Structures are given as C-alpha cells and as structure tokens.
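First the structure, in the form of structure tokens, and then the observations on it.
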Protein chains: 2
Amino acid sequence: MTTDDASPGPLGRYMDVLELVAAFPGALTLGDVSSMLALPKTTAHRLLKGLVKAGLAREAVGGRAYDLGERLTRLVHATVDDDWLATLSGPHLRQIIEDWGETCYLTRLAGGRIVVAVSQSPDVRWRGYVQPGIEMPVNAAASAKAIMAYQDDATLAQALAQPLPIVTANTRNDLAWVESELQTVRERGYATCIGEIDEGLAAIAVPVTLPDGMVLHALAMTGPLQRIMNERLPERIDALVATSAVLSKALALGAKIRERGTA
Amino acid sequence: MTTDDASPGPLGRYMDVLELVAAFPGALTLGDVSSMLALPKTTAHRLLKGLVKAGLAREAVGGRAYDLGERLTRLVHATVDDDWLATLSGPHLRQIIEDWGETCYLTRLAGGRIVVAVSQSPDVRWRGYVQPGIEMPVNAAASAKAIMAYQDDATLAQALAQPLPIVTANTRNDLAWVESELQTVRERGYATCIGEIDEGLAAIAVPVTLPDGMVLHALAMTGPLQRIMNERLPERIDALVATSAVLSKALALGAKIRERGTA
DNA sequence: AATGCAATTCCGAATTTCGGAACAAAAATG
DNA sequence: CATTTTTGTTCCGAAATTCGGAATTGCATT
C-alpha cells in the first residue's frame, strides 16, 4: 500500500527553487529566492549552488541572476520532443492555423501514454496554449482517443489499466463508455472532446496513419466549444484529414532518415 | 578562482539516475539502475523514489519501470506565464499542509469578486479539493470575508450589490449580518466560515496585507468542522498569520521581479 | 574613500543519508 | 500447482551531510 506520505522528499526544496528559477528566468537573484521562500540566505545559496553543480540551473549572463541549465533542456529533448518532428510538422500546423485561426497540435504515443509533441497557437497570449510534453488523458482528450482507437488490444488494455482522471463534469471514466467512444472514432474517422478537459473548450482530432498502417500520432485542433463544433465542423475535419495524410508520409520519411543517421 | 570543484554535489547521484532514466525511458527498472551505476539496490531505490517524489521521474505504465516526469517538461516550457503566483505560494501552502494536514488555498480579489488562485490538498482524494478559478461568495466564504473586511466602501458596496447566495441552512445573506461579520474580522484579524458553504465543513482565513497596505489576497484553510474549529484553533490562526506575512513580501517581490524580468 | 547591500565562507549542532541484512512480492521454473 | 529465483521494499544503527546564525568578503553607487 502506497502510504499517503505527502512529504516533499529530499529534493523538495531544490525543486521549489528550481520552479522559481523557471518562473523568472534570468532575473532571479539569490536574495529573491531567500525572500520568496522564506529561507535563510545561506540555505538559498547552498540550494542554488547545488542546482548549478547538477546542471539544472546556471548563472545568467550578468552573473547576478540564475536561469535554467543546459542539462535540463537536454534531458527533455532526449525523449519528448524530437526536434525533427517539430521541424517537419511545424509548417503544416501553421498552415492550419493560417486557415482556421485555432490552436492545433500533434500528439504521439510514447510509453503507453499520449503526450503533446508539437504545438502551435495563433496568438501567443491565448491561454488555450497546449504545452508540449504534457500528457493527455486517454478517456477525455480527442487526440488520445484518435490514437487509442487504432491500437491493438494489449496496448489499449495497458493504457486503460491506469487510473483515468475525472477533470470536469463532462469527463467520463467508465471503461464501457471509453470503449464505445473509441468505436465511434473508428466508425466516423475522427475523435472529439467536448468540454471533457476544460469546461467550454472542445477539441477534434484525427489519427495520423503511417504508411505501414500503424497509428502513433494524432493531429488535433482545439478552441471554444461553440466555435469548434459549429456548422463548419465537416470542413475542419476535412482539413485535418488532408494534413494528416501529408504528415503521414513526412513522418515516415523522417524516421527513416533519422535511423540511417544514428546507425 | 573559478573553483573547478569537480565534486558532484548533493544532487550528483540523483542526476546520474535521471540521465539513465532519460536514456531508457519507460524501460529502466530499479535493478538496471543498481547494476549500471554499481549502487546497492537500497540506494538505487531511494534515489529513484526521491526523483519520483520530486516529479522529475515517474513510474511507467507497466509499473515495473521508470520514465521522465511531467514536471521536467513543464519546467523547460515554462513560458513567462502568470502562474508565478502559484509558483511562489505553492511551497508555503504545502508547508501548511505538511504541518496541519488540511486543504489550504489562496484567494484573490479580481474584478470585484473573490476567486481561488492557488489550491493545495494533502493528498489526491478529490473531496475537499478547491478548484482554482471558482468564485467565493462574499457572504459566506472565510477567504472572501478576510479580503472584503479590508476594502474601501466603494469596493465593498459593489460586492454587496450582487445577489448573495444562500447555500446551506447556515448561510446568511442580510447585509446587516455581513457587515457585522466583517467588523468581527477586523477586530480579531481572521475570518471564519462555519458550515455556510458546505454542511459540516468549516474554513478559516486571514488577509494577506501587502507591504503598501492593500489587501488583495487571503490565505485559507478548510476541513471538517470538528477538526478545524477545535481547541487548536489559535495555533492554526498563528500559522496562517505567519505564512501570510511571508506571502506578503514574496508577492510584492514577485511583481517587482516580473517587471524587471523581460526589460 | 566611504557606505550600503548582496553574496559567500565558517562552523557546531542536528538531521539526514547510507547501505547491509532481513523481508515481501512477483516471475520463472520444475 | 509447488518451488525456486529474481526483483522490489522496509528496517535500523553508524556515518556523513545538511542546517542556518554569525562573521566576512565582494561589488556597486555616492
């Protein structure tokens, strides 16, 4: 039994400091950390230096402040967000934004979870921005449904074995419902998320079927419910499907080139 | 003397493990770590769990392996968002939880209404969790009273002009009573909510007085009535007051740094 | 120079980590 | 299905580290 041990653990305070550095990159001094976290200057100093030595933070150019370390970005890069994927799909995503003015993103199956790989938003300040790297719940997100609908039983079972979160009043997490939802996706070719993650926000997604028939990615568009699900929905779906087909070839090629490179 | 101190620092071994996890995401077991780094199983176990607790790693879906945690990617992609309020107050709220084991949250005055800005719960049982963004009724919530007690007449009049909801048998919405309640807050320095929002649930709250004397935030603790209002109430208040003082400085500082940030 | 503020070093007390050994839980095997 | 083997977890005393107050150094500004 996993105890309800809520203790922050040995890294807790390091993480607090790191969060702070991430929140004010390049502008946070030792004194600031000390004040904000109510730590003695000595302690703040030690924690900060520890982070620097670990490569998670580094001293900013001016010298009197800190920002995130090289190692941190490298670690993330190593797995989640393959650069070439972003490079490849970026132009296509941007085209959709150009045409439709909505946030859109590409998700991918990684280790039994669905994570956002590339994301583009029409306006930088729009709060519906989808952060690359975050995980999408299998029972709610359109992009997750679009991928999961085309997995074999083993993969699906594994994904559904984890606890499925309830996020809004519209979220469902009973297996029967999820299965039927996936069946619907298979029948009509696209997935939806209607206020199941954010009240008032909707998303639509189509699978990206690779040339060999596998589905490892989904292409999604999100925005306010009324706007996304209006009478132009069929057009939107068509646009996503068309782009998905292009991406399919591009991704397959990219993977092949990449393999050849590292071999 | 650019101390080329090559000592790995306190985080060194944690980082070694993290690198390994990043190299084989979703496929690295405890035993692997132990073997590869030549660490005793016990030590590998402790390090791994420490990373998990810090959110840098997590157990993979299958359960018998580890991969990178979401917090990592979130840190890297932390745009200059406005969740610096959460970043700043998070550790302090968590400290209260650690000490008292009750849900606590920070509310804020926004457009004449009181809304929940940051919320932390002792564990992930969803009951008792306070959703950020929801509004707190001025005539019932402790956190709302704590803020409203220190507003000028115009702001107060505006807030009391809206319809004041009756939610439980204990809710009062006559203006005279609300005024007297606010007077009480001013006299003793804290506000209460005794079953006025949920039958059997109570909350206590103190204002966060910014260095310039303004009150825009309140710090609150909530839980079962019997537990919150028991003989240790004075201690709880003291804890909230102390944290409130710290938050006051931290919030002011945060605003200042943010200004200087991208300049 | 002189002053004020931020960053750093020093160091004893206190807490934590450390890892061997025992224990529990799964897989693998017969 | 019983047994063995492997893998993950808990316990606990010894050892090492962190902790943070006080004093010191470094760096701007006047």
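Residue numbers start from 1 in every chain, and the chains themselves are labelled A, B, ... in the order their sequence lines are given, proteins ahead of strands. Computed from a prediction, not measured in an experiment: that's the story for all the values here. Below, all heavy atoms of this structure are taken into account, side chains as well, without hydrogens, waters or symmetry copies.
- Contact annotation: the side chain of E179(A) never approaches that of Q183(A) to less than 4.5 Å [non-hydrogen atoms, C-beta and beyond].
- dT17(D) atom P lies 18 Å from atom CZ of R13(A), rounded to whole Å.
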Problem - Pair R113(A)-E70(B), side-chain contact (heavy atoms from CB on, under 4.5 Å): steps then yes or no - result: CA-CA 12 Å; R113(A) 304 163 194 263; E70(B) 284 200 55; over 6 Å; no
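- Among the nucleotides dT8(C), dG19(C), dA27(C), the one closest to any side-chain atom of T43(B) is dG19(C).
- The CG atom of L48(B) sits 16 Å away from the C1' atom of dT10(D) (whole-angstrom rounding).
- Taking atom CD of residue E59(A) and atom P of nucleotide dG26(D), one finds them 16 Å apart after rounding to whole Å.
- Not a single donor-acceptor contact under 3.5 angstrom links the side-chain atoms of T29(A) to the base of dA7(C).
- With rounding to whole Å, L30(A) atom CG is found 17 Å from dC5(C) atom P.
- Distance from the side chain of P40(B) is smallest to dG20(C) among dA26(C), dG20(C), dA22(D).
- Put simply, the side chain of T171(A) gets close to the backbone of V167(A): a donor and an acceptor are under 3.5 Å apart.
- Within the 4.5 Å cutoff, the side chain of Q95(B) has no heavy atoms near those of the T243(B) side chain.
- As a whole-Å value, the separation of H45(B) NE2 from dC23(C) C1' is 13 Å.
- In this structure, K49(B) reaches the dT9(D) phosphate: one of its side-chain N or O atoms is under 4.0 Å from OP1 or OP2.
- Remark: P of dG8(D) and NZ of K41(B) are 9 Å apart, rounded to the nearest angstrom.
- When rounded to the nearest whole Å, the span between CG of L11(B) and C1' of dT18(D) equals 12 Å.
- Across the protein-nucleic acid pair, Y14(A) atom OH and dT17(C) atom P stand 11 Å apart, rounded to whole Å.
- Distance from the side chain of P10(A) is smallest to dT17(C) among dT17(C), dG20(C), dA27(C).
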